[in-house]
Engineer: 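Take a look at the following structure, please.
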Number of protein chains: 2
Amino acid sequence: MKKMSIKEVASALQISTATVSYILNGKAKEKRISPELTKKVTAFIEENNFRPNHLAKSLRTGKTNVIGLIVEDIADPFFASVAGHIENVAYENGYKIIYSSTKNDPKKAKELIDTFRDRNVDGYIITPTEGIDNEIKYLIDSKLPVVLFDRNCNDLDISYVGMNNFESSYQAAKYLISQDYKNIAFVTLDSVQPQMIDRLLGYERAIYENRLTSFVKKVEYRAAKEHLIMAEIENMLKTEPQIDAIFFATNYLAITGIELLNRMGVKIGEELGMMVFDDNDLFRIHQPSISAIAQPIQEMSQQLINDLLEHMQDTNEYTNRTTVLPAHLIIRDSSSKMRKNA
Amino acid sequence: MKKMSIKEVASALQISTATVSYILNGKAKEKRISPELTKKVTAFIEENNFRPNHLAKSLRTGKTNVIGLIVEDIADPFFASVAGHIENVAYENGYKIIYSSTKNDPKKAKELIDTFRDRNVDGYIITPTEGIDNEIKYLIDSKLPVVLFDRNCNDLDISYVGMNNFESSYQAAKYLISQDYKNIAFVTLDSVQPQMIDRLLGYERAIYENRLTSFVKKVEYRAAKEHLIMAEIENMLKTEPQIDAIFFATNYLAITGIELLNRMGVKIGEELGMMVFDDNDLFRIHQPSISAIAQPIQEMSQQLINDLLEHMQDTNEYTNRTTVLPAHLIIRDSSSKMRKNA
DNA sequence: ATTGATAGCTTAATCCTTTAAGCTAAGTGA
DNA sequence: TCACTTAGCTTAAAGGATTAAGCTATCAAT
């Protein structure tokens, strides 16, 4: 059973395809199609369950009603959650989402942007990798709606939604200090990503302001190499036994770290304070529970998709905006003064 | 800078669009285009960075190279992980993925299938909701490649990939029994989804085989209603104090349950054995660590996308297959005899 | 010289919509 | 009666590819 075309609808009703098209697109009045005919056509379409061919429509109009979502890794709960939120709003507005993961590989990121261009997506949501500014600039120059997310490209005039990494990190570190921790280590990725650098700087500012010593451990993250990370952290703790708290710059570093500490028999909270960037069920449920900086996922997603929709609606009037949302500092047991009782 | 069309390529080189098209599609030899001309055209295309319009191509050929992925919730780590695996393989084969979440709402699921049809996706991966058999049957009847996932529709002749819920549940319950737990409660959703029923039946079989008493608690899951679930579980534990182990039928039920038990001060592992369907970082790291049945995500995803690709490659030769993969029973501290020392 | 085959292309229909421009009949005003 | 409007459509080009069928020149064989 082949799909019906607008042509068949037209010939069945002995009218032209233009008329059908106008009616389909709600331009009946504007094009002065009589209400009677409009009703007749609508009824026929309903009855025969006719659905216009989206491809032909897109070819003609240049609009696909598809949003391209390029994230670091769709399997990461953070990005998956964003994908979920975005989807809700997008679907309400008639947009579908096509996703892909860069795995933080600039080459793959470039390919993805190219592919999405080829596919004529109407708008882009991108977590940029390093060295991808040119591709993004190219999109902007082509007047294509783009919103960056999670990481900014400082040199571009473009919409961006993210959180205040520097400030949150600074506040979190300050909180640890207020709890009388004196030697706070910062475990982060060996990365030049702006958000990672901001997190580090926020920590360092709090440390310097309080005339404390900074202990920064940069580890290289590679899938399935957790034991290497553990070794590095263990080594740091042994070399610098004065460390009394650890601030993890990411979720998965913390998970690896917690596993190590459990294995080492170090009592989190009592012997070692802890703070983590990016919350997780695990941190809430762990005993003792672990303090975290929760990204405002819901708010960011909402802003993201709103910006993009607005941009897609009127490409000319839209002006870029940078939205930096505050994170939620969630204080739990791992960073309380509990350890003093030890 | 408008995008170049095949027409412009042709006229620039003073040849016909057909020639260009044949060369683009690797049919140069077959169509006896001379190697010189082929080279010339390839060079021109390369130089001017010409990329054919995918929409036009799709309109003509009827192929979009897009796979529709319909899951319960893309934000759920399980489905997100599947999405990640599928993406890898799909992209290698030139397919893009468009996703959406049913939220287990049959009405939404139907709409999604319709929308994907409208968009001419080449193949479908679906976690069906209840009452959606007709829509899926319609897809099959239209010779569209579909692979079901996670939950089967028993009445349809269709490819399916899932795990052995009954067997895994049975084995897990048997393991608990072997550890001398005598009163094992099963906490599950009040759902008629086949995989949930299988999990329950697996548990019950192990219970009956060992002449034990079954304690089944069915709770209604609704977002942000965790406290209701907690109340129900707490009530059960108070009414039936003889319960010495809990088997949670899903990940998030267990997370809620653990939170409650921590709050109640019940010592997991020592006072109460525990087993969970569907693994999670949390269960590995929790102290004591919590036993779980890990879904074979990687294997399922691989099978899923392979089946679908094969089906899409030759719709006629392909025959449906049902793949039921074994789960991984991961024994951790929460279900060892440790409690006997208490 | 004629036929046939083959290499090496081209022509033009087709996929299905959208939409600017045009056409016809009826009604209005002078 | 004639010129103009207006209502209510229709015509046909365009969007950018694919592909069956056809065309021409060359060369070999008879």
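Keep in mind the model is a prediction, meaning the values are calculated, not measured.
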Engineer: Looking only at the side chain of A:T61 (C-beta and beyond, no hydrogens), which of the listed nucleotides C:dT18, D:dA17, C:dT10 gets closest?
Structural biologist: C:dT18

Engineer: Between A:E72 and A:R151, does any side-chain N to carboxylate O distance fall below 4.0 Å?
Structural biologist: yes

Engineer: Within this structure, what is the CD1-to-P distance between A:I23 and C:dT19, rounded to whole angstrom?
Structural biologist: 15 Å

Engineer: Expressed as a whole number of angstroms, how long is the span from A:L55:CG to D:dG15:P?
Structural biologist: 18 Å

Engineer: For C:dT18, does either OP1 or OP2 sit under 4.0 Å from a side-chain N or O belonging to A:S21?
Structural biologist: yes

Engineer: What's the CZ-P distance between A:R117 and D:dG16, to the nearest Å?
Structural biologist: 14 Å

Engineer: From NZ of A:K63 over to C1' of C:dT19, roughly how many Å is that when rounded to an integer?
Structural biologist: 17 Å

Engineer: Want to settle it: does B:I33 or B:L59 sit nearer the 5' end of DNA chain C, counting the closest nucleotide to each?
Structural biologist: B:I33

Engineer: Give a yes/no on whether any side-chain N or O of A:S34 is located under 4.0 angstrom from OP1 or OP2 of D:dA7.
Structural biologist: no

Engineer: Tell whether B:Y22 reaches the base of D:dA17 with its side chain through a donor-acceptor pair below 3.5 angstrom.
Structural biologist: no

Engineer: When you measure from the centre of the six-membered ring of A:F44, is the NZ or CZ of A:K39 under 6.0 Å away and within 45° of the axis?
Structural biologist: no

Engineer: Looking at A:R60, I'd like to know whether one of its side-chain N or O atoms comes within less than 4.0 Å of OP1 or OP2 on C:dT17.
Structural biologist: no

Engineer: If only side-chain N and O atoms of A:N25 are considered, is one of them under 4.0 Å from the OP1 or OP2 phosphate oxygen of C:dT18?
Structural biologist: yes

Engineer: Starting at atom CG of A:N53, determine the distance to atom C1' of D:dG16, rounded to an integer number of angstrom.
Structural biologist: 14 Å

Engineer: Ion pair present between B:D141 and B:K137, side-chain N to carboxylate O less than 4.0 angstrom?
Structural biologist: yes

Engineer: If I take atom NZ in residue B:K39 and atom P in nucleotide C:dC9, what distance separates them, rounded to the nearest angstrom?
Structural biologist: 14 Å

Engineer: Contact class for B:L24 vs. all strands (heavy atom < 4.0 Å): base, sugar-phosphate, or nothing?
Structural biologist: nothing

Engineer: Check whether any side-chain nitrogen or oxygen of A:T19 sits under 4.0 Å from OP1 or OP2 of D:dT10, and answer yes or no.
Structural biologist: yes

Engineer: Examine D:dT19: is either OP1 or OP2 under 4.0 Å from a nitrogen or oxygen in the side chain of B:K27? Give yes or no.
Structural biologist: yes

Engineer: With respect to the phosphate group of C:dC16, does any side-chain polar atom (N or O) of A:K7 fall under 4.0 Å of OP1 or OP2?
Structural biologist: no

Engineer: With A:K3 as the cation and A:F50 as the aromatic partner, state whether NZ or CZ is under 6.0 Å from the six-membered ring centre and within 45° of the axis.
Structural biologist: no

Engineer: Return the nearest nucleotide to the side chain of A:A56; candidates are D:dA17, D:dT11, D:dG15.
Structural biologist: D:dG15

Engineer: OP1 or OP2 of C:dT10 versus the side-chain N and O atoms of B:S16: is any pair under 4.0 Å?
Structural biologist: yes

Engineer: For the pair made of CD in B:E30 and C1' in D:dT18, what is the distance, rounded to whole Å?
Structural biologist: 13 Å

Engineer: Regarding A:D122 and A:T64, is there a side-chain donor-to-acceptor distance under 3.5 Å anywhere?
Structural biologist: yes

Engineer: Hey, are A:R321 and A:E310 close enough for a salt bridge, meaning a charged N less than 4.0 Å from a carboxylate O?
Structural biologist: yes

Engineer: Please compare A:T17 and A:K31 by the position of their nearest nucleotide in DNA chain D and report the one closer to 5'.
Structural biologist: A:K31

Engineer: Counting heavy atoms from C-beta on, name the nucleotide in C:dA12, C:dA7, C:dT18 closest to the side chain of B:R32.
Structural biologist: C:dA7

Engineer: Expressed in angstrom and rounded to an integer, what is the separation of B:H54 atom NE2 from D:dG15 atom P?
Structural biologist: 20 Å

